[in-house]
Amino acid sequence: MSALLTYVDELLVGLGVPAPLPYVVVTGIKIVVVLLPLILSVAYFTYWERKIIGWIQHRLGPNRVGWNGVLQPFADVIKMLFKEIVVPANSNRFLFLLAPLVSLVTAFSVWAVVPFSETFVIAEIDAGLLYVLALTSLGVYGVIIAGWASNSKYAFLGAMRSAAQIVAYEIAMGFALVGVLMAGGSLKLGDIVLAQQGTSLLSWFFIPLFPLFLVYFISGLAETNRAPFDVAEGESEIVAGFHVEYGGIAFGLFFLAEYANMILITALTVLFFLGGWLSPFAGIAGLEGTWLAQSGFHWLAAKMVFFMFCFLWVRATFPRYRYDQIMRLGWKVFLPITIIWIFVEGVLVALEVGPWAV
Amino acid sequence: MLANYAPILIFLVVATGLGLVLLALGFALGGGQKDAEKLSPYECGFEAFEDTRMRFDVRYYLVAILFIIFDLEIAFLFPWAVSLDTIGLFGLVAMGIFLAVLIVGFIYEWRKGALEWD
């Protein structure tokens with residue numbers, strides 16, 4: 001990968017292309033290398049979701065388009081592209097079309113700082129975690145603008161619910177991340193993973209930070225408005241929530257953003273708590289030299305797939321929370337848990353035990 | 001230093017471009033006839049009763065205010081957490097006091113019922 005990029009860079013410089021252009025091209029290639037698989041994963045995540053929920057409910061799931069329905073996501077995309085985009089008469093046309101764009105751009109751009117292996121990350125910035133938090137917070141604007149611009153009651157109610165919920169769980173998430181930072185000692189995502197490198201998987205952060213790990217993942221469910229916290233969409237109460245007036249690919253952009261965000265939550269959970277691309281079998285006798293003991297993208301992907309499955313599993317298993325219960329869980333349960341655990345970590349740091357041992 | 005952020009700028013441009021292209025494709029391929037009924041906001045098939053830009057529950061506003069307070073708190077905690085090994089015990093105790101003051105506020109809020117939803 002990096003050899004290819006250097007080759008392209010040298011080729012362009014050799015051809016006499018002016019200064020910033022080769023850099024832009026090489027970065028562009030990197031971005032495509034990230035975005036294309038991401039979009040494909042979103043497509044197959046939706047397919048997988050329908051299949052797994054089907055199996056859990058003793059159905060077959062999509063099985064008509066292609067072998068066992070594997071072409072279903074493409075059929076969906078083509079259908080969405082050919083559907084009409086209706087801009088309601090009373091809406092703010094500009095804001096109405098801006099909202100899906102905001103959602104998509106924020107959901108995609110976060111991936112710029114996600115390290116996929118020790119060497120591959122698009123933008124290696126020191127304030128990586130801050131950037132992640134900033135962009136996921138900006139994602140709320142997509143929801144709010146969509147609900148406001150639609151000028152439809154269901155959309156408005158959905159947007160209010162969704163925004164309040166996202167904002168509430170962002171607090172719990174932020175405090176959980178403070179705990180991660182106390183253990184990792186860096187805002188750079190790659191460094192947080194490297195801080196978990198040790199003899200085996202026992203040095204990953206999910207052991208000393210176990211409550212934060214749970215809070216982070218469950219807050220992730222709430223942040224992405226997933227079941228059992230999906231009152232913002234609540235088909236049976238407010239039809240579809242903030243995107244009720246959206247059709248065609250305008251809805252598709254929201255959909256893409258939502259699923260990209262879900263995959264992002266799995267990636268971040270793995271990076272912060274489960275050693276990212278590190279191998280769980282490192283250091284086990286007899287496995288040295290095999291791919292099992294090797295750190296790399298395959299381990300990140302395997303762990304992410306597990307958490308993506310958890311997203312679907314949870315959706316198929318749990319009934320929906322009531323809105324007041326959601327807010328109670330966020331403010332009165334998760335927030336105290338994270339604050340208490342920060343104090344516990346403070347004591348651990350002072351006593352120099354666990355990952356803080358000198 | 002700042003050059004590290006250049007890929008992010010390129011990424012933002014690419015993502016925006018992708019979104020715009022998809023929207024443009026949607027408009028080009030979507031077609032369809034518009035009429036007053038289709039363009040009216042959805043409200044269970046009724047005529048819309050009133051404008052949507054109406055009053056809404058003040059609790060949403062309250063949540064927004066609480067969010068700002070706690071988010072600022074987190075913003076304070078971030079640099080502290082990163083520099084934990086250089087500030088030593090003094091830093092730990094100082095942040096403990098800071099957090100304790102905020103927790104008093106949180107308990108007050110809780111007892112006042114600012115976190116209740118019904």
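A note on names: the letters A, B, ... follow the listed sequences, proteins ahead of strands, and every chain is numbered from 1.
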Asks: With heavy-atom distances below 4.5 Å as the criterion, would you say the side chains of B:Phe27 and A:Leu97 are in contact?
Replies: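 Side chain of B:Phe27 against side chain of A:Leu97, heavy atoms only: contact under 4.5 Å found.
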Asks: Would you give the length of the straight line joining atom CD of B:Glu73 to atom CD1 of A:Ile339, rounded to the nearest 0.5 angstrom?
Replies: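 Between atom CD of B:Glu73 and atom CD1 of A:Ile339 there are 6.0 Å.
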Asks: Could you tell me how the ring of B:Phe70 sits relative to the ring of A:Trp331: parallel (under 30°), tilted (30 to 60°) or perpendicular (over 60°)?
Replies: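 Ring orientation of B:Phe70 relative to A:Trp331: tilted.
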Asks: So what's closer than 4.5 Å to chain A heavy atoms on B:Val14: side chain, backbone, both or neither?
Replies: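 The side chain, not the backbone.
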Asks: Please flag which part of A:Lys83 lies under 4.5 Å from any non-hydrogen atom of chain B: side chain, backbone, both or neither.
Replies: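 For A:Lys83, the contact with chain B is made by the backbone alone.
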Asks: Less than 4.5 Å apart, any side-chain heavy atom of A:Ile342 and any of B:Leu99?
Replies: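 SC-SC contact between A:Ile342 and B:Leu99 confirmed.
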Asks: Does A:Phe94 have more than 12 heavy atoms from other residues, nucleotides or ligands lying within 6.0 Å of its CZ?
Replies: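 No, the 6.0 Å shell around CZ holds no more than 12 heavy atoms from other groups.
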Asks: Mind checking which of residues 102-110 of chain B sit less than 4.5 Å from chain A, heavy atom to heavy atom?
Replies: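 Answer by number: B:Ile103, B:Phe106, B:Trp110.
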Asks: Between B:Leu22, B:Val93, B:Asp71, which has the largest tally of heavy atom pairs under 4.5 Å with chain A?
Replies: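 The option with the most such pairs is B:Leu22.
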Asks: Which one of A:Ile39, A:Leu104, A:Ile122, A:Val102 has the most heavy-atom pairs closer than 4.5 Å to chain B?
Replies: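 Heavy-atom pairs under 4.5 Å are most numerous for A:Ile122.
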Asks: Any chance OH of B:Tyr60 has more than 12 other-residue heavy atoms, nucleotides or ligands included, within less than 6.0 Å?
Replies: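 Correct, the count exceeds 12.
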Asks: Under 4.5 Å, counting heavy-atom pairs only, tell me which of B:Leu12, B:Leu25, B:Val82 racks up the most with chain A.
Replies: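 Heavy-atom pairs under 4.5 Å are most numerous for B:Val82.
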Asks: Heavy-atom cut-off 4.5 Å, strictly under: side chain, backbone, both or neither for B:Phe67 against chain A?
Replies: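 Both the backbone and the side chain of B:Phe67 come within 4.5 Å of chain A.
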Asks: Heavy-atom distances under 4.5 Å only: say whether A:Leu335 touches chain B with side chain, backbone, both or neither.
Replies: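 Only the side chain of A:Leu335 comes within 4.5 Å of chain B.
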Asks: Where does A:Val180 contact chain B at under 4.5 Å (heavy atoms): side chain, backbone, both or neither?
Replies: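 Neither part, no heavy atoms under 4.5 Å.
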Asks: Which bit of B:Leu23 comes within less than 4.5 Å of chain A, counting heavy atoms only: side chain, backbone, both or neither?
Replies: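 Backbone plus side chain of B:Leu23, per the 4.5 Å heavy-atom cut-off to chain A.
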Asks: Heavy-atom cut-off 4.5 Å, strictly under: side chain, backbone, both or neither for B:Leu89 against chain A?
Replies: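 Interface part for B:Leu89: side chain.
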Asks: What part of A:Ala257 gets closer than 4.5 Å to chain B, counting heavy atoms only: side chain, backbone, both or neither?
Replies: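 Interface part for A:Ala257: neither.
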Asks: Counting only heavy atoms closer than 4.5 Å, note whether A:Phe343 contacts chain B via side chain, backbone, both or neither.
Replies: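 The side chain, not the backbone.
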Asks: What part of A:Leu253 is in contact with chain B, defined as an atom under 4.5 angstrom from a non-hydrogen atom: side chain, backbone, both or neither?
Replies: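 The side chain, not the backbone.
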Asks: Rounded to the nearest 0.5 Å, how far apart are CD1 of B:Ile8 and OG1 of A:Thr27?
Replies: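 The CD1 atom of B:Ile8 sits 11.5 Å away from the OG1 atom of A:Thr27.
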Asks: Between CD1 of B:Ile10 and OG of A:Ser109, what distance do you get to the nearest 0.5 Å?
Replies: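 Between atom CD1 of B:Ile10 and atom OG of A:Ser109 there are 12.5 Å.
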Asks: So which part of A:Ile85 gets closer than 4.5 Å to some heavy atom of chain B, the side chain, the backbone, both or neither?
Replies: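 Both parts, backbone and side chain.
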Asks: Counting only non-hydrogen atoms closer than 4.5 Å, does A:Glu245 touch chain B with its backbone (N, CA, C, O), its side chain (CB onward), both, or neither?
Replies: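 Answer is side chain: those atoms of A:Glu245 sit under 4.5 Å from chain B.
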Asks: Would you say A:Tyr23 has more than 12 foreign heavy atoms packed within less than 6.0 Å of its OH?
Replies: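 Buried by this count: over 12 neighbours within 6.0 Å.
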Asks: Quick one: closest heavy-atom pair of B:Ile74 and A:Phe175, and the distance?
Replies: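 Where B:Ile74 meets A:Phe175 most closely, the heavy atoms are CD1-N, 3.8 Å.
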Asks: First locate atom CE of B:Met95, then atom CE of A:Met182, and finally report the distance between them rounded to the nearest 0.5 Å.
Replies: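 Answer for the CE-CE pair, B:Met95 versus A:Met182, is 9.5 Å.
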Asks: Got a second to check how far A:Leu129's CG is from B:Phe78's CZ, nearest 0.5 Å?
Replies: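 Rounded to the nearest 0.5 Å, the CG-CZ separation comes out at 5.0 Å.
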Asks: Side chain from CB out, backbone as N, CA, C, O: work out which of these in A:Leu101 comes under 4.5 Å of a heavy atom of chain B, or both, or neither.
Replies: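 Just its side chain gets close to chain B.
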Asks: Can you tell me how far apart CZ (B:Phe11) and CD1 (A:Ile31) are? Round to the nearest 0.5 Å.
Replies: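 Output value for this atom pair is 5.5 Å.
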Asks: For A:Ser186, which atoms come within 4.5 Å of any heavy atom of chain B: side chain, backbone, both, or neither?
Replies: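 Contact with chain B: backbone only.
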